[in-house]
Amino acid sequence: MAATFDVKLETTVYHPDPSYREGARMGDWETAYQRFLDDPEAFWADIAGELEWFRPWEKVREWNNPYARWFVDAKLNITANCLDRHALGDRRNKVALIWRGEEDGNERVLTYRQLHRQVMRFANALKGMGVGRGDAVCIYMPLVPEHIVAILACARIGAVHTVVYGGFGASALNARIRDANAKIVITADVGYRRGKRVALKTIVDEAVVNAPSVERIVVLRRASPHLELYSEMEVDFHELMKGAGLACEPEVMDAEDPLFILYTSGTTGPPKGIVHTCGGYMVGTYYTTKYIFDLKENDVLWCTADPGWITGHSYIVYGPLAAGATVLITETVPDYPDPGVWWRIVEDFGVTIFYTAPTAIRMFMKFGDEWPAAANLESLRIIGSVGEPLNPEAFEWYYRVIGSSACPVVDTWWQTETGMHMITTLVGEPMKPGFAGRPIPGVVADVVDREGNPVPPGIGGLLVIKEPWPAMMRTVYNNDERYQQYWNTINSCYTAGDLAVKDEDGYIMVLGRADDIIIVAGHNLGTAEVESALVSHEAVAEAAVIGKPDPVKGQAVKAFVILRLGYEPSEKLKTDLTYHVRMSIGPIAMPSEIEFVQSLPKTRSGKIMRRVLKAKEMGIDPGDISTLEE
Ligand code: WTA
């Protein structure tokens, strides 16, 4: 069976003001991409050369499909680049971290020097508990500065961190602690969310039962009166800091030593422990932060992800700090106490680069333009998106309302496995809503059929990466066979598992996961495509589409729709929506059923779990739902 299908490509092209291109660090795509093609190793060596190494590499890369080594035999410590490089130089008093708590006025600021000192102290504290090179440490914390300190302290001493998002429950946490064999768990008594306390420590208590590897639990106590710590196993974060020495030399790591394991849930199957290494990951995240976000010295970067996801690892912690940026983090959610809170934060701190997810953008669209309009967003320079396809309607709203029809929108396609941005539209280049853009210089991507042959523009196929890149994962922890599958499914290419289509200019539109395909009467339909069509109707805030068994067509399309404020469910509206999909994609995509709902089942990173909708619809067991938000 061919994996290809026709996709409509016409779109409006947006041209950013020429000043963006003139000032862009990367320059224009053609020239930069050609520079990469002319000598890929020199290209990456130049970037790596901007960073500090204890010992240089013998070879830029060694490729033995599916195994890559980058910056062979080089020695480094990523924190020497994220901290010492700045704290011992001109950036010592530059703000590294701005934290905004849930309550107004609850703010903290750490300079590079302060962050450096805290990380060294906590690194010594970890050493004092017997944590060393190669030991696994699990971090399960709310989004507070100590979370970042904990991550960097592990990296400082060569311990392998595995961050688990604070929204996961005890069994998911237990599974990750066990798989990684974590020696220490670092947590907090509580996180704050929507004015309520989330009792993280209670969840850890449950999660460490049947986790024999865990020796100690470090608790950051935030609430008063202080939570009581019981057993010998439990230690207070601040007590540890008080007792620890200040100076901690960075551990000398090999470029290929593991830096962290991050479990990715995805929408199907058990979580996979994606392993990233010190050298290549550092170079990839540094490069993309600096050149894709076009980072300038005075930028304030706000990536709204949680450090529990790869987006937080790469674009809150490692990339921005390696590049010496000022990073904003916040414990607030987008709609509490009201849907204006994030826009007030942008204004208060003069955020210049804002990076969020389509699901948040669509949520803001639903709340209405008055919320962003109430804040001054003039500081914004570049706005980004990641995590799902940014459908054209959401792109246009984001560009117009948040970016004042001026800021370039960088819709970045990448994955936990890729570690860094892979496909996007460079700052200053023409933007096409619905298309992420072209492979960035350094990345070779294409759209192919199941045999690995490139498909022509306008024909959908599978998204693959054809050459290794520095920040690629090196294995799946405890499951190298699963790792090999990424590279041996299609003709020695890395298979991303996404469907995509190219246009004549090489811009790539990512349609969604290949496993989210519905086959109606022999036609392949991406759920993402039908959802995008639904969302382009003025009444629709969000939509999810599944295939339902149909005696005639094989599968029929069923749509779950959340309406925007001000619209009421009605039979008439169902007919309108069906007609709208027919006009946008064609009769084959017409939903045979539409159900109006208040919410959709999502993973904690905001991806719709169609599998859960489908199971419910068909009255079957949904399988593993440990990644479900609620
Ligand atoms: C999807 C998040 C379309 C895609 C960094 C990918 C996107 C999966 C985009 C990885 C984008 C991410 N446009 N789809 N800009 N960015 N995706 O591992 O399906 O949480 O395979 O990494 O998200 O999700 P992950």
Side-chain angles (χ1 to χ4, degrees), residues 7 163 165 167-168 261-269 271-276 281 284-285 288-289 292 303-316 318-319 355-362 383-392 394-395 398 409-425 431-440 443 445 447 460 462-465 471-473 476 486 494-501 507-517 526-529 531-532 535 602-610 627 629:
V7 187
V163 181
Y165 171 57
F168 276 119
I261 303 172
L262 182 61
Y263 288 87
T264 172
S265 37
T267 39
T268 49
K272 297 168 282 200
I274 303 301
V275 177
H276 282 288
Y281 178 81
T285 54
T288 45
T289 304
I292 300 304
C303 162
T304 70
D306 187 271
W309 309 117
I310 192 68
T311 305
H313 281 59
S314 299
Y315 299 109
I316 292 176
Y318 289 114
Y355 190 39
T356 197
T359 178
I361 297 168
R362 289 192 293 263
I383 54 180
S385 170
V386 59
E388 287 177 80
L390 181 62
N391 52 293
F395 176 102
Y398 195 36
V409 175
V410 285
D411 174 3
T412 57
W413 178 89
W414 58 295
Q415 305 178 300
T416 305
E417 294 87 335
T418 71
M420 64 178 220
H421 299 151
M422 301 294 278
I423 297 172
T424 192
T425 300
M431 297 173 285
K432 302 185 185 186
F435 290 81
R438 289 176 285 195
I440 66 170
V443 170
V447 182
L462 298 156
L463 181 58
V464 296
I465 313 293
M472 61 188 261
M473 67 166 157
V476 174
Y486 282 92
Y494 169 86
T495 314
D498 282 351
L499 292 167
V501 59
Y507 276 58
I508 295 174
M509 173 188 282
V510 179
L511 300 166
R513 300 292 305 167
D515 43 21
D516 287 335
I517 276 297
T527 51
E529 228 183 321
E531 286 159 6
S532 182
V535 173
K602 289 192 182 149
T603 64
R604 293 179 175 83
S605 56
K607 292 189 187 19
I608 296 169
M609 290 182 87
R610 297 180 186 80
T627 58
E629 167 91 70

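Order of listing sets the numbers, starting from 1, for every ligand and every atom in it. Sequence positions, counted from 1, serve as the residue numbers for this chain.
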Subject >> Criterion side-chain hydrogen bond (donor to acceptor under 3.5 Å, both in side chains) on Tyr355 and Thr412, from CA distance to verdict >> reply: CA-CA 10 Å; Tyr355 190 39; Thr412 57; 2.6 Å; yes
Original post:
Taking the side chain as C-beta and beyond, is there a heavy-atom pair between Trp414 and Thr311 under 4.5 Å?
Top reply: yes
**OP:** Start with the C-alpha gap between Ser314 and Tyr281, add the side-chain angles, then the distance that decides, and say whether side-chain hydrogen bond (donor to acceptor under 3.5 Å, both in side chains) holds.
**Re:** CA-CA 9 Å; Ser314 299; Tyr281 178 81; 2.7 Å; yes
Original post:
Under a strict 4.0 Å criterion on non-hydrogen atoms, which protein residues are in contact with ligand 1?
Top reply: Ile310, Thr311, Val386, Gly387, Glu388, Pro389, Asp411, Thr412, Trp413, Trp414, Gln415, Thr416, Asp498, Val510, Arg513, Lys607
**OP:** Answer yes if the ring centres of Tyr318 and His276 are under 6.0 angstrom apart, and no otherwise.
**Re:** no
**OP:** Give a yes or no answer on whether the side chain of Tyr315 reaches the backbone of Thr288 with a donor-acceptor pair at less than 3.5 Å.
**Re:** no
**OP:** Mark yes or no for whether Thr424, through its side chain, and Asp411, through its backbone, hold a donor-acceptor pair below 3.5 Å.
**Re:** yes
